[in-house]
Amino acid sequence: MSQSNQICKIIAQELNVRLEQVTATVTLIDDGNTVPFIARYRKEVTGGLDDTQLRNLDSRLSYLRELDDRRQTILKSIREQDKLTPELEREILATDSKTRLEDLYLPYKPKRRTKGQIAIEAGLEPLADSLWNNPQFEPEVEAAKYVKDSIADTKTALDGARAIIMERMAEDANLLEKVRAYLQKNAELQSRVVTGKEREGEKFKDYFEHNERISRVPSHRALAMLRGRNEGFLQLSINADPAQEESVRGSYCETIIADHYRVHFNQAPADMWRKQVISWAWRIKISMHLETELMGAMKERGEIDAIEVFATNLKDLLMAAPAGPRATLGLDPGLRTGSKIAVVDATGKVLATDTIYPHQPHNKIEQSARVVEQLIKQHNVDLIAIGNGTASRETDTFVADIIKRGNLSVQKIIVSEAGASVYSASELAAKEFPNMDVSIRGAVSIARRLQDPLAELVKIDPKAIGVGQYQHDVSQSMLAKRLDAVVEDCVNAVGVDVNMASAALLTRVAGLSTTMAQNIVDYRDEQGRFEARTTLKKVPRLGPKAFEQCAGFLRIMNGKNPLDASSVHPEAYPLVKAIAEKNGKTAKKIMGDSDFLRNLHASDYTDEHFGLPTVTDIIKELDKPGRDPRPEFKTATFAAGITEVKDLEIGMILEGVVSNVANFGAFVDIGVHQDGLVHISALTDRYVADPREVVKAGDIVKVKVMEVDIQRKRIALTMRLTDEPGEQNSQRSAKPDSRNQSAGNQAARNQPARNQHQAKNRSSAPVENAAMGGAFAAAFAKAKK
């Protein structure tokens, strides 16, 4: 079997799909097809793999191909050393793990001269072999035979012999695999505060004396402890034998080493020396190597989880309900520097800008009110988008008074302004608004993101949107790649109006590069609106392959061909025409005719080009052409008079918007400039393994205030509105299942914070998001008894 077929076989097994599906998909990817295009328009070829499966397949394909490239490099290196045996070659070819591959390469990897190599050069290898394999030999007597030249005495000879055996052990791939498996299952991560750093590192106090099985450390705690170590407040180490009494000398890993080499101790003359070799090999070589590896693996797992948290939250934010094409006034609140205003029309075009000073220290309330009221009336404003930063609630109250006083038919909504300042100062914003003040650009962004969050947020680096968990602690290249994939999937799921879209939005369409996207905008500016998808072929640099990939995701509203406003790909237009003609209708007539389309049988229209999945999708699209998969637009109503943390009272029930979701709970904006935390255990009465089972970013929820720490600006919330503040054991009307009870009991024994319902002690999350780049400077850390 070729290596390419072997890779496809591995992926098929991992994804639990057929080999033919993987092979066909790999061919499509290698031919330059994008994931969104394959997912939407090549279902027959892939056997119906969805975009998530395709992303996983693409990612695993890259990993295994990188592994194969490394494999070939290693084989070449060992072959050039004339040390490649048939058995070693088979092992190298069989492995699908980079860790195992590097283990196998260790003995042959070029390295600086070690103590073991120096000892071999000094002729001590026979001594090492004789003592290791023949324990009846007397070490001192045997070593005396090698005292000469550079070997001054028997101690030097024995030390050199020991170094030779130790290095063999440290480079024994099969031994490392055994010890690694034991540590992965049993080893404990120990976190201790650096002496003298207790006060300075207080935000990490939950980890000042913390022990946890390394295999069970959740991503947020792993990244919190690693951050504490990087900032110099924590010391992390691995305890290989947590269940062993401190008085017991040695590690069970030494027993694994002895068993691996079938070494038995019977008080033979060389046994003490051999024991020392094993002990030193473990403590000096193997344990240090594997501790670094285990820490790295823990960090990698944490990064992957954190990146997925960010990706999920970003998708929820991008797919939030748009308010739609309505004239909107964007208000970026401020105090000393004033509040910036930008009015945009239904297409997002800027109509007017201004700056008002309704708050301290200026207090030009009446003058500011007149400006706002005049702009609303002059431009027939339907919506007012208020940024949720500094002075947002004061501005919200100010606008409410204007609406009430003028009896205006306009709706106000507080909008997340995360990333608006980043966009304002970006090269893209400068190009879009070259003569506009940077601060005014922020108001434009706030207005537009209410109209269409997706179209506006794609202009901002996803990492700047701030819905991540430890986003600055993870691999930035991995993060960027994953977030770019999320943005691409969201944009193509919704579709893009080619006559309205910015170059930034078009760049995210499948098959389009930055240059192609800009060329589309330039062509549109010079030649006027696109009247047909086929006109895209005239755009410079947009060739047949790019057109194939992007055409189905680009919409032309009110164009020459009504199908151009749908997600039906131009390659399928003849099929639609055939369906219509077979029933004595035109394509335009059958679009939106639910009664007619409902009675069609997709199987009647399949052929060698279009299979059942594609025909089914086309009929669905014809029923609701160009449908937007995003939900209906809704807004939260913040409580009147509750504008600061000090206004909160225990037991209040408030409405809020989920601003971020982490592994340990959800952050909710309740309109007081400081998001509250709903811990995972307070999201619902049932067992929850992942907060995203219950909420997602952008959801409107009702919460009860459970705790308020004004000094540290921390708010504990619950979505179980029957909970009473300070209660020790929340009473449930529903009986928890055994799975939940077991999880709770285990959490009480081993974890400082896990989702549980009837465990003896309910704990809030420890500093699991200490210094997290989201809503809190540190998460709620106070344990509740």
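Every value quoted in this text rests on a predicted model; they were computed, and no experiment measured them.
- Listed for the Asp259 side chain is no donor-acceptor partner under 3.5 Å among the backbone atoms of Ile256.
- Ion pair Glu102/Arg70 flagged as a salt bridge, since at least one NZ, NE, NH1 or NH2 atom sits closer than 4.0 Å to an Asp/Glu carboxylate oxygen.
- Between Ile670 and Val703 there is a side-chain heavy-atom pair separated by less than 4.5 Å.
- Put simply, the side chain of Thr312 gets close to the backbone of Glu308: a donor and an acceptor are under 3.5 Å apart.
- No donor-acceptor pair closer than 3.5 Å links the side chain of Thr390 to the backbone N or O of Gly334.
- Scanning for salt bridge (Lys or Arg N to Asp or Glu O under 4.0 Å) contacts around Asp690 gives Arg692, with sequence neighbours left out.
- Within the model, atoms OG of Ser416 and CG of Leu457 stand 8.0 Å from one another, a figure rounded to the nearest 0.5 Å.
- Every residue meeting the side-chain contact (heavy atoms from CB on, under 4.5 Å) condition with Glu188, not counting sequence neighbours, appears here in chain and number order: Gln190, Asn211, Asn239, Pro242.
- His289 is linked by a ring-ring contact (aromatic ring centres under 6.0 Å, His included) to nothing, counting only residues two or more places apart in sequence or in another chain.
- Note that Arg162 lies outside the cation-pi zone of Trp273, set by a 6.0 Å cut-off to the ring centre and a 45° limit from the axis.
- For Glu291, there are no salt bridge (Lys or Arg N to Asp or Glu O under 4.0 Å) partners, not counting sequence neighbours.
- Surrounding CZ of Arg192 are more than 12 heavy atoms belonging to other residues, nucleotides or ligands, all under 6.0 Å away.
- Remark: the backbone N or O of Arg714 is not paired with any side-chain donor or acceptor of Asp709 at under 3.5 angstrom.
- Residues passing the side-chain hydrogen bond (donor to acceptor under 3.5 Å, both in side chains) test with Lys155, sequence neighbours excluded: Asp159.
- Inter-residue side-chain proximity for Ile715 and Met706 is flagged as unmet; no heavy-atom pair is nearer than 4.5 Å.
- Counting heavy-atom neighbours within 6.0 Å of Lys704 NZ, excluding the residue itself, gives a total above 12.
- Listed for the Ser339 side chain is no donor-acceptor partner under 3.5 Å among the backbone atoms of Pro333.
- Other residues, nucleotides and ligands contribute over 12 non-hydrogen atoms within 6.0 Å of the NZ atom of Lys111.
- Take Arg229 and apply the side-chain contact (heavy atoms from CB on, under 4.5 Å) test, not counting sequence neighbours, and it matches Leu226, Leu236, Met295.
- Side-chain contact, Ser59 with Arg55: no donor N or O sits under 3.5 Å from an acceptor N or O.
- Note that CG of Asp473 is 11.0 Å distant from CG of Leu479, once rounded to the nearest 0.5 Å.
- In this structure, the side chains of Met225 and Phe204 stay at 4.5 Å or more apart for every pair of heavy atoms.
- Scanning all heavy atoms of the two residues, the minimum distance from Asp484 to Pro462 falls at OD1-CG, 4.4 Å.
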Could you walk me through whether Leu189 and Ile238 pass the side chain to side chain contact (heavy atoms under 4.5 Å, CB included) check?
CA-CA 5 Å; Leu189 176 67; Ile238 299 293; 4.1 Å; yes
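- In this structure the side chain of Val668 never reaches within 4.5 angstrom of the side chain of Asp699, judged on heavy atoms.
- Taking the side-chain hydrogen bond (donor to acceptor under 3.5 Å, both in side chains) definition, one finds that Glu177 meets it with Arg100, sequence neighbours left out.
- Smallest separation of non-hydrogen atoms from Phe208 and Glu198: CZ-O, 3.4 Å.
- Contacts of Lys98 classified as side-chain contact (heavy atoms from CB on, under 4.5 Å), with partners at least two apart in sequence or in another chain: Tyr63, Glu66, Leu67.
- For the side-chain contact (heavy atoms from CB on, under 4.5 Å) test, residues two or more places apart in sequence or in another chain that qualify with Ser439 are Lys340, Asp437.
- Annotation: ring-ring contact (aromatic ring centres under 6.0 Å, His included) contacts of Tyr182 (sequence neighbours excluded): Tyr252.
- Using a 4.5 Å cut-off on side-chain heavy atoms (C-beta onward), Leu717 and Glu707 make no contact.
- In terms of modelled atom types and a separation under 3.5 Å, the side chain of Arg336 and the main chain of Pro361 share no donor-acceptor contact.
- With respect to the salt-bridge test (charged N to carboxylate O, under 4.0 angstrom), the residues Glu303 and Arg482 do not qualify.
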Derivation of the side chain to side chain donor-acceptor pair (under 3.5 Å) call for Thr114 and Glu167:
CA-CA 9 Å; Thr114 63; Glu167 288 183 15; 2.7 Å; yes
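- Side chains of Asp669 and Ser659: a donor-acceptor N/O pair is absent below 3.5 angstrom, by distance only.
- Partners of Lys459 under the salt bridge (Lys or Arg N to Asp or Glu O under 4.0 Å) rule, at least two apart in sequence or in another chain, are Glu432, Glu456.
- Listed here is the closest heavy atom pair of Val474 and Ala306: CG1-CB, 3.9 Å.
- Under a 3.5 Å cut-off, the side chain of Ser219 and the backbone N or O of Asp305 do not form any donor-acceptor pair.
- The residues Arg199 and Glu202 are annotated as not salt-bridged, no charged nitrogen and carboxylate oxygen being separated by less than 4.0 angstrom.
- Side-chain atoms of Glu300 do not come within 3.5 Å of backbone N or O of Met298 as any donor-acceptor pair.
- In terms of the side-chain hydrogen bond (donor to acceptor under 3.5 Å, both in side chains) criterion, residue partners of Thr395 (sequence neighbours excluded) are, by chain and number, His359.
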